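Beneath this line is the structure, given in structure tokens, with notes to follow.
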Amino acid sequence: MIKHLQELLEKALEDLKRNGEFPKDLSPEIIFERTKSKEHGDFATNLALTLAKPLKKSPRDIAQLLTDNLIESLHVSKVEVAGPGFINFFLTENCRRQVIKQIIKQGDEFGDNAYGKNKKITVEFVSANPTGPLHVGHGRGAAYGASLSNILEKCGYNVQREYYVNDNGRQMDILATSVWLRYVELCGQPVVFPDNGYQGDYIVDIARIVRKKYGDKFLHTSHEIYEGVPADEKSGGDKETHIDGLISNTKSLLGKKDYNKVFQIALNDILSGIKQDLSKFNVNYDSWFSEKLLHSGDTVDRALKILKDNNYLYEKDGAIWFMATHFGDDLDRVVIRENGQKTYFASDVAYLLNKFERGFEGALYLFGADHHGYIARMKAAAKGLGINPDDIEIVLTQFANLIEHGEKVQMGTRSGKFVTLSQLIDDVGVDAARFFYVMRSHDQHLDFDLDLAKSQSNENPVFYIQYAHARICRVFEKLEQEALQYNQEIGLASLNLLDNDSEHDLTRLLSSYPEILTASARTRSPHVLANYLRELAQSFHSYYNEHKIGKLDDESLRNARLCLAKAVKVIIANGLKMLGASAPESMFSEDKD
RNA sequence: GCUCUCAUAGUUUAAUGGAUAGAACAUCGGUUUGCGGUACCGACGAUCCAAGUUCGAUUCUUGGUGAGAGCACCA
């Protein structure tokens with residue numbers, strides 16, 4: 001439709017150029033936007049405002065000239081100049097109502113568009129270290145990433161959802177060592193648990209699994225365990241060197257083979273827990289990418305070689321550095337440490353290379369706000385590798401606070417008091433959790449109100465939207481009791497009867513759905529969709545209250561209204577699905593406690 | 001100290017550089033016995049401060065103020 005309007009204006013411009021009103025070399029970009037208020041018609045363009053300066057004429061005069069030279073269109077009922085010089089286009093009612101037919105015909109395919117041009121992209125999100133269960137802090141990234149991926153897919157991107165499993169670094173050694181120490185404890189040998197070890201109870205659970213499988217096979221004396229280990233923080237030493245000493249002893253005491261057994265049990269247990277939690281949260285991945293693969297293959301070496309061949313590496317203090325400052329980063333970054341170990345950043349560079357080697361045309365990274373330092377670093381890495389930095393995009397999500405009884409829920413891994421994602425889902429349900437996490441802009445701090453999420457009232461936006469859906473289902477159900485029928489043919493043929501304000505409003509909202517999707521995709525903002533659904537639900541509730549829909553004797557009007565309701569239902573269901581929430585047929589559920 | 005993100009009604013917040021800054025909650029006042037009142041309608045009420053760019057700024061630039069975060073041969 002926008003295209004059609006552009007053509008109309010294009011023609012008017014040509015005519016004005018031909019009769020000398022406008023200079024011949026004028027070829028402005030014609031931008032149409034959907035109007036915010038219906039008094040301004042359906043679409044508006046600011047063309048006259050942008051032409052004011054080059055033409056040295058008042059915007060209103062230009063707008064008037066343009067409208068006077070417009071040719072008639074079947075779809076346009078009225079064109080007017082308004083405000084400072086906007087040209088507002090009013091579509092014919094007939095044209096507006098076509099969307100209802102379209103929605104009913106296309107169902108969940110309505111809104112599909114080619115905005116993304118089938119670009120093959122990888123969306124990486126959550127990627128929490130497999131050293132413990134996911135907590136509510138990861139929830140926002142998970143909900144955001146999953147919803148955004150769905151929207152991008154809808155908008156014509158070829159999306160792969162990926163989770164990067166950091167199964168290679170020192171943190172994993174700390175995990176394995178923590179598990180082993182708990183295991184030693186379980187065998188009856190007392191240990192002083194390190195300050196920097198993983199404190200959670202889940203570590204003991206994993207140790208139990210190890211013991212069940214291997215008995216006391218891995219047991220060693222405390223003399224052996226602590227031999228040559230520097231003092232821990234609580235004994236006045238340094239917790240880092242202390243745990244490094246413990247790791248090193250653990251490795252040599254168990255030997256590579258047995259150490260790996262403990263390591264694998266810990267990794268598998270935690271990773272499968274993470275997978276379970278995410279799947280329970282309706283968050284599904286196409287790929288779980290292991291960091292180890294980068295090392296066991298030659299990707300890390302090749303990535304470093306590329307940097308080296310491009311002369312972006314140098315040696316200092318026995319370490320190998322990447323000249324990140326050359327590409328705008330604050331600091332140069334170490335890729336190989338003095339002790340010969342490759343840094344985590346080296347893996348990141350390799351992973352980036354790997355993504356593009358796998359044929360992705362774009363890499364989208366979704367990070368928490370605490371990772372903002374990564375942006376410059378990753379862009380620098382891309383430049384160093386010869387990858388266009390514009391092909392990688394890093395989006396940050398701000399933190400979420402949990403609010404309970406009006407108070408912020410205090411959390412911290414140290415205090416040991418943190419709410420897991422799984423607990424949250426059990427507490428408020430998947431639908432509310434998914435929706436609440438994305439209903440605010442991702443670059444805005446989010447207050448997650450637990451009480452509101454649990455409440456079953458109109459104050460709860462998820463509930464409110466779902467209720468609109470259930471209400472429509474109920475209307476259709478109720479028809480049978482009234483011995484009335486829904487006849488879609490008659491309804492679609494009678495759409496011209498939808499002529500009151502509420503019906504116009506609803507129709508208008510429905511037709512903006514595809515643009516909501518592309519706007520959502522373009523700005524990486526699922527909350528735009530969330531807000532839209534609320535608005536649509538509100539508009540429907542209002543309509544429902546004012547007008548009868550199903551219980552009508554007039555067959556034509558009844559079916560026309562039912563078609564409208566059905567279209568609303570389709571959109572709500574589609575939208576909720578994309579945000580990872582369900583669209584229930586009824587709000588009364590027997591199995592609810 | 002340096003860097004990044006954010007700042008809008010009492011509260012939580014929305015707004016591709018555009019028209020009268022849009023909602024929800026709270027507060028106050030209403031709803032013809034109804035296809036589910038788990039709903040609807042109305043009122044009150046806001047762009048942190050100061051310059052600049054622009055025909056036009058909540059939006060862009062600069063400087064303040066305030067909040068959060070990041071600044072390792074850690075992951």
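A note on names: the letters A, B, ... follow the listed sequences, proteins ahead of strands, and every chain is numbered from 1. In this text, all values refer to a predicted model and were calculated from it rather than measured experimentally.
- Screening residues 532-547 of chain A for salt bridge (charged side-chain N to carboxylate O under 4.0 Å, His left out), with sequence neighbours left out, gives no hits.
- In this structure, A:Arg170 atom CZ and B:rC73 atom C1' are separated by 12 Å, rounded to whole Å.
- No contact: A:Asn166 has no heavy atom under 4.0 Å from any strand.
- Phosphate contact (OP1/OP2 of B:rA75, side-chain N/O of A:Thr131, threshold under 4.0 Å): absent.
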Given protein heavy atoms under 4.0 Å, the one-letter contact record of nucleotides 2-13 of chain B, with B base, S sugar-phosphate only and - none, is simply -BBSSS----BS

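- At the heavy-atom level, A:Lys478 lies under 4.0 Å from the strands shown only through sugar-phosphate atoms.
- A:Phe86 qualifies as a stacking partner of the B:rA19 base, centre to centre under 5.5 Å and near-parallel within 30°.
- Just one residue in the list A:Tyr312, A:Tyr314, A:Trp321 forms a side-chain hydrogen bond (donor to acceptor under 3.5 Å, both in side chains) with A:Asp332, and that residue is A:Tyr314.
- Using bins of under 30°, 30° to 60° and over 60° for the plane-to-plane angle, the ring pair A:His135/A:His138 lands in the tilted bin.
- Regarding A:Asp61, its CG atom lies at a distance of 17 Å from the P atom of B:rC55, rounded to whole Å.
- Contacts of A:Ala44 with the nucleic acid, taken as non-hydrogen atoms under 4.0 Å apart, include base atoms.
- Under the rule for a side chain to side chain contact (heavy atoms under 4.5 Å, CB included), the partners of A:Ser525 that lie at least two apart in sequence or sit in another chain are A:His442, A:Thr523, A:His527, A:Val528.
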List the atom pairs, with distances to 0.1 Å, where a side-chain N or O of residues 366-375 of chain A and a protein N or O form a donor-acceptor pair under 3.5 Å, not counting sequence neighbours.
{"from": "A:His372", "atom 1": "ND1", "to": "A:Ala369", "atom 2": "O", "distance (Å)": "3.4"}

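- Contact check of residues 557-568 of chain A against RNA chain B (heavy atom, cut-off under 4.0 Å) returns no residues at all.
- Counting non-hydrogen atoms under 4.0 angstrom, A:Asp449 reaches nothing in the nucleic acid.
- Looking at heavy-atom distances under 4.0 Å, A:His371 makes no contact with the nucleic acid at all.
- Side-chain polar atoms of A:Thr518 and A:Glu515 form no donor-acceptor pair below 3.5 angstrom.
- One P atom belongs to B:rG29, the other to B:rU20, and the distance between them is 33 Å to the nearest Å.
- Checked by distance alone, A:Tyr374 brings a side-chain donor or acceptor within 3.5 Å of a matching partner on the base of B:rA75.
- For the pair A:Glu240 CD and B:rC73 C1', the computed distance is 13 Å after rounding to whole Å.
- Rounded to whole angstrom, the span from the CZ atom of A:Phe436 across to the P atom of B:rC25 amounts to 12 Å.
- Between B:rG34 and B:rC44, the distance separating the two P atoms is 31 Å to the nearest Å.
- One finds no side-chain N or O of A:His442 lying less than 4.0 angstrom from the OP1 or OP2 phosphate oxygen of B:rA14.
- In this structure, A:His40 forms an aromatic stack with the base of B:rA19, since both conditions hold: centre separation below 5.5 Å and plane angle below 30°.
- A:Arg471 comes within 4.0 angstrom of sugar-phosphate atoms only, judged by non-hydrogen atoms across all strands, and of no base.
- For B:rA15, the OP1/OP2 oxygens have no side-chain nitrogen or oxygen of A:Lys36 closer than 4.0 Å.
- A stacked arrangement is not assigned to A:Tyr544 and the six-membered base ring of B:rC40, the conditions of a centre distance below 5.5 Å and an interplanar angle below 30° not being jointly met.
- Contacts of A:Ala369 with the nucleic acid, taken as non-hydrogen atoms under 4.0 Å apart, involve only primed sugar atoms and P, OP1 or OP2.
- Annotation: A:Asn339, atom CG; neighbour count of heavy atoms from other residues, nucleotides and ligands within 6.0 Å is above 12.
- Looking at A:Asn88, its side chain comes within 3.5 Å of the base of B:rA19 through a donor and an acceptor atom.
- In A:Lys308, the NZ atom is not crowded: 12 or fewer heavy atoms of neighbouring residues, nucleotides or ligands sit closer than 6.0 Å.
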Secondary structure of RNA chain B per the Watson-Crick/G-U criterion (both distances under 3.5 Å; [ ] crossing, | other strand, . unpaired) is (((((((..((((....[...)))).(((((.......)))))....(((((..]....))))))))))))....

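- Distance A:Arg140 CZ to B:rG68 C1': 13 Å, rounded to the nearest Å.
- Using a 4.0 Å heavy-atom distance criterion, A:Gln538 is classed as a sugar-phosphate-only contact.
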